[in-house]
Amino acid sequence: MDDYDAKTIERKWQSAWEAEQVFHVPNPEPGDAPDAHFYMLEMLPYPSGSLHMGHVLNYTLGDVVTHFRRRHGFTVLRPMGFDSFGLPAENAAIKDGGHPLEITERNMEAIREQMRRMGWAIDWQREVSAHEPTYYRWTQWIFLQLFEHGLAYRKEAPVNWCPVDQTVLANEHVVDGRCWRCGSIVEARNMAQWFFKITDYADALLDDLETIDWPERTKKIQRSWIGRSEGAEIIFSVRELDLDIPVFTTRADTLYGATFFVVAPESPLVATLSEGMENAEEVRSYARVAAARPTEEREQREKTGVFTGRHATNPVNGEQIPIWVADYVLMDYGTGAIMAVPAHDERDREFAHEFDLPVVQVIAEDGTLVNSAEFDGVNFEEAKGAIVASLAAAGKGEPAINYRLRDWSFSRQRYWGCPIPIIYCEHCGAVPVPDSDLPVLLPDVTDYRPKGQPPLASNEEFINAPCPRCEGPGRREADTMDTFVDSSWYFLRYTDPANDQAPFDRRVADYWMPIDQYIGGIDHAKGHLLYSRFFVKAMNDLGLLGFREPFQRLFHQGWVKLGGKRMSKSQGGVSPNELIDRFGADAIRIYILFQGPADQDIDWTPDGIEATVRFIRRLWRVVHEAAVQPAAPAGVSTPLARKAHETIARVSDDIDRRFVFNTPIAAVMELVNELSKAPHDPAARFAAETAVSLLQPYTPHVAEELWGVLGHSSRLWESPWPVHDEAMLEHETIELVLQVNGKVRDRIQVPAGLSEDELVARAKASERVQAHLGGTERRVIVVPDKLVNIVV
RNA sequence: GCCGAAGUGGCGGAACUGGCAGACGCGCCGGACUCAAAAUCCGGUUCCCUCCGGGGAGUGUGGGUUCGAUUCCCACCUUCGGCACCA
């Protein structure tokens with residue numbers, strides 16, 4: 001027996017898999033009989049560096065599932081690609097010199113090599129990269145489809161501007177008022193920007209969460225991000241201006257308690273209302289200053305505001321209430337104006353307190369209305385509907401729904417991204433580039449540093465283009481797309497990566513999709529995972545796809561942390577490559593999954609990797625010993641044989657039903673321990689085969705090698721998953737737990753299947769039980785084949 | 001502030017449907033082999049008490065339901081995540 005040599009074994013099997021393209025799966029031809037197939041996908045890496053241990057966990061998880069499904073007879077699609085456009089590569093290029101393209105491709109090559117060395121079962125023939133024209137041509141095409149159907153539009157709007165990265169950010173990427181990448185405080189700017197109309201899909205995105213198998217916490221994040229709230233739109237009017245101002249409220253029941261009215265400083269109403277008033281200048285200057293206040297300051301929550309001198313009519317009682325301008329009212333939620341009910345809203349109460357405005361209670365302690373005319377005594381929940389109904393009859397209000405979700409701003413003032421295929425023409429406006437002219441290639445520029453305007457704007461060769469409609473002079477859109485656009489449809493391109501007629505053939509996409517198991521970090525809960533759902537729904541509406549959800553089942557792996565922080569590429573210290581050199585890929589794969597439940601965070605420590613190597617060496621030794629034993633005669637049922645069957649059952653159930661990956665390793669360790677204690681058991685060989693076979697998804701290299709040692713000429717990677725014999729799980733004797741008053745007093749071996757009376761008799765025969773049986777017996781609880789509890 | 005998740009030995013964790021708390025592994029202690037060490041193997045390892053038979057306590061804290069609670073219910077504490085002037 002040679003010593004276990006990870007390096008040689010791993011190289012050997014990796015070469016075999018590569019030479020035979022073992023993990024490539026072809027697409028079905030039209031008319032093929034449907035087969036059992038499975039689409040396994042992990043979120044694709046961003047090639048701004050090389051892989052870290054977080055990736056190792058993510059992709060090893062996917063790998064175990066891939067092998068497990070393959071060996072259950074499924075055709076498993078498990079592709080890989082690169083989210084290769086984006087800021088980090090560009091910033092790295094600016095910092096260190098070099099071109100983003102060079103840096104990106106160098107990183108991609110390093111990652112491919114790492115992935116090969118980890119032995120992951122990937123169909124490399126389907127590789128896609130966001131920055132390749134063959135890919136982004138279709139990103140542009142999909143954008144144009146959305147544009148032509150009104151789902152992508154350009155408008156001037158206040159947006160989040162990162163002063164360091166010199167670009168606009170989506171709401172999803174502003175964290176605590178700061179840029180999620182560089183941490184600078186985000187500024188509000190008014191700019192013409194591109195948006196996707198994700199708000200059209202707010203209800204669908206909400207409702208269809210019921211149809212997918214996702215972690216509940218992720219659904220909750222999406223639900224609260226979409227933020228649907230049901231209420232009413234109610235019209236307040238300003239008599240002297242003959243002006244109707246609608247407000248949104250969820251509390252129509254408190255309408256009689258509205259004692260003042262507030263308009264957001266950004267609202268166009270500020271100008272209208274202050275027009276001709278004595279203090280017009282004061283009002284406007286407050287609005288100007290307040291609107292320009294940095295978000296951070298505005299969140300201080302100290303109430304400021306100014307009275308306009310105007311009054312609005314409360315539609316329920318005709319009361320004239322003062323109109324204020326105050327920055328605690330936001331322009332981009334509801335209508336940018338509110339009715340204020342200081343008695344029942346904390347913010348309104350603070351404001352009323354600050355400016356000495358009247359407070360009128362309209363809901364009593366018991367939840368019924370007071371001071372509310374004919375609604376007095378009505379329960380507040382009922383009053384909501386009743387008041388809205390009565391306003392609706394008078395044409396002064398109607399039920400309404402508001403969302404906190406905003407449209408997705410996706411244009412970026414940076415270089416390293418997908419060009420937006422639009423040409424601006426003086427006569428024709430924003431004109432789409434015809435399909436036949438796609439892709440609009442990202443030009444090779446030398447200076448791609450951000451200078452307040454997008455780098456492409458100063459590239460004369462790129463920017464000047466004739467209008468596709470009138471052939472007059474035009475200018476190309478100089479912004480590029482957010483990388484989250486690229487990653488909103490990559491999983492579709494994998495199904496048909498070489499298609500040069502379309503982003504994908506609908507038949508093929510419909511065959512593989514939706515993804516059966518998606519694995520990635522929960523940090524994408526309200527970004528990528530929401531955007532992709534929107535894309536799929538929109539493409540379904542456009543007839544490009546036959547399904548409405550991309551990810552049927554979702555799992556979030558935990559973070560691998562170092563010193564309490566998430567691992568990232570910028571943190572040195574733990575290099576998967578170095579670990580592979582020292583311990584081998586199999587040991588690292590098993591180690592990272594043995595640390596605990598895969599959805600839980602792991603504090604990285606190298607302690608115990610050695611132990612994992614030790615386990616593999618132990619396996620190596622006992623399997624070699626067992627390999628010279630004769631094969632077990634049929635039906636042999638030694639304790640070792642039963643242990644093997646039990647292990648098959650446990651491992652299969654853990655991976656399949658429970659989706660846990662640490663306990664199967666423990667189960668196989670137990671089996672190997674038993675085997676090493678009984679090396680000449682008639683079932684020794686069977687136990688060894690079982691251990692190797694069950695471990696194969698975790699340690700595919702050494703398992704394959706040992707499969708050969710055990711005399712198999714077949715390939716383990718394509719051998720059926722073992723099946724346990726149910727009869728072997730039944731024990732002839734069981735350990736009966738004996739309790740007195742719920743405390744364990746004894747454990748005895750008894751034959752399985754005894755009657756309750758017989759079990760009680762045996763329990764009472766126990767001396768240790770008898771010692772605690774003083775007093776009257778009140779009750780006896782029997783759990784057959786398990787436990788007897790005598791209560792005295 | 002609102003919403004959500006999690007707290008188990010010295011450490012990572014196991015206990016799936018209310019029924020033996022601590023599987024498996026790390027670390028540590030003792031032993032075998034060895035001139036010695038490494039490697040390997042064997043035994044022990046929740047805490048406290050013990051006349052060595054055993055007894056008691058114990059899953060963040062305090063209560064409750066139950067014959068029986070890591071598991072269910074209530075309150076609280078701590079940590080982590082989401083939202084946050086959203087009307």
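Labels below follow one simple rule: chain letters A, B, ... track the order of the sequence lines, proteins then strands, and each chain is numbered from 1. No experiment lies behind these values; they were computed from the predicted model shown. Atom set for the values below is all heavy atoms of this structure, side chains included, hydrogens, waters and symmetry mates excluded.
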S.K.: Could I get the full list of side chain to side chain donor-acceptor pair (under 3.5 Å) partners for A:Lys384, not counting sequence neighbours?
M.R.: none
S.K.: List the residues meeting side-chain contact (heavy atoms from CB on, under 4.5 Å) with A:Ser229, not counting sequence neighbours, and say none if there are none.
M.R.: A:Phe248, A:Thr250, A:Tyr333, A:Asn402
S.K.: Whether A:Arg779 contacts B:C67 is assessed here as follows: a side-chain N or O lying under 4.0 Å from the phosphate OP1 or OP2. Is that the case?
M.R.: yes
S.K.: Which residue pairs satisfy the ring pair (Phe, Tyr, Trp, His ring centres under 6.0 Å) criterion with at least one member in residues 596-618 of chain A, sequence neighbours excluded?
M.R.: A:Tyr591-A:Trp604
S.K.: Could you work out, with side chain to side chain donor-acceptor pair (under 3.5 Å) as the rule, every residue matching A:Asp653, not counting sequence neighbours?
M.R.: A:Arg657
S.K.: Should A:Asn789 and A:Arg779 be marked as a side chain to side chain donor-acceptor pair (under 3.5 Å) after you check the CA-CA gap, both sets of side-chain angles, and the distance that decides it?
M.R.: CA-CA 8 Å; A:Asn789 184 15; A:Arg779 214 175 142 178; over 6 Å; no
S.K.: Would you please name every residue forming a side chain to side chain donor-acceptor pair (under 3.5 Å) with A:Asp213, sequence neighbours left out?
M.R.: A:Arg553
S.K.: State which of B:A87, B:C20, B:C24 makes the closest approach to the side chain of A:Thr249.
M.R.: B:A87
S.K.: Tell me which nucleotide among B:A87, B:C83, B:C24 gets nearest to the side chain of A:Ile338.
M.R.: B:A87
S.K.: Can you list everything that forms a side-chain contact (heavy atoms from CB on, under 4.5 Å) with A:Gln222? Sequence neighbours excluded, please.
M.R.: A:Leu209, A:Trp214, A:Leu529, A:Leu530, A:Arg533
S.K.: Reading RNA chain B 5' to 3', how would its secondary structure be written in dot-bracket notation, given Watson-Crick and G-U pairs with both distances under 3.5 Å, brackets [ ] for crossing pairs and | for partners on other strands?
M.R.: (((((((..(((......[....)))((((((.......))))))((((....))))..(((((..]....))))))))))))....
S.K.: Could you work out, with side-chain contact (heavy atoms from CB on, under 4.5 Å) as the rule, every residue matching A:Ala691, not counting sequence neighbours?
M.R.: A:Leu619, A:Val668, A:Leu671, A:Val672
S.K.: Taking atom types as they are modelled, is there a donor-acceptor pair under 3.5 Å from the base of B:C20 to the side chain of A:Arg747?
M.R.: yes
S.K.: Is the A:His524 ring parallel, tilted or perpendicular to the A:Phe484 ring (thresholds 30°, 60°)?
M.R.: tilted
S.K.: In chain order, what residues pass the side-chain contact (heavy atoms from CB on, under 4.5 Å) check against A:Asp200, with sequence neighbours excluded?
M.R.: A:Leu151, A:Lys197
S.K.: Quick one: side chains of residues 751-763 of chain A, donor-acceptor pairs under 3.5 Å with protein atoms, not counting sequence neighbours, listed by atom name and distance.
M.R.:
unit_1: A:Ser755; atom_1: OG; unit_2: A:Glu758; atom_2: N; d: 3.1
unit_1: A:Glu758; atom_1: OE2; unit_2: A:Arg762; atom_2: NE; d: 3.3

S.K.: What string of B, S and - do you get for nucleotides 37-47 of chain B, 5' to 3', if B is base contact, S is sugar-phosphate-only contact and - is no contact with any protein heavy atom under 4.0 Å?
M.R.: ---SS------
S.K.: Would you tabulate the pairs of protein nitrogen or oxygen atoms and nucleotide nitrogen or oxygen atoms of nucleotides 14-17 of chain B closer than 3.5 angstrom?
M.R.:
unit_1: B:A14; atom_1: OP1; unit_2: A:Asn662; atom_2: ND2; d: 3.1
unit_1: B:A15; atom_1: OP1; unit_2: A:Arg658; atom_2: NH1; d: 3.1
unit_1: B:A15; atom_1: OP1; unit_2: A:Arg658; atom_2: NH2; d: 2.7
unit_1: B:C16; atom_1: O2; unit_2: A:Arg657; atom_2: NH2; d: 2.2

S.K.: Taking 4.0 Å as the cut-off, does a side-chain nitrogen or oxygen of A:Asn789 come that near to OP1 or OP2 on B:C20?
M.R.: no
S.K.: Does a distance-only test, which skips hydrogens and angles, find a donor-acceptor pair under 3.5 Å between the side chain of A:Lys786 and the base of B:C20?
M.R.: no
S.K.: OP1, OP2 of B:G55 versus side-chain N and O of A:Lys743: anything below 4.0 Å?
M.R.: no
S.K.: Using the side-chain heavy atoms of A:Arg745, tell me which of these nucleotides is nearest: B:A87, B:G12, B:G55.
M.R.: B:G55
S.K.: Think A:His772 has a side-chain N or O under 4.0 angstrom from the OP1 or OP2 of B:G55?
M.R.: yes
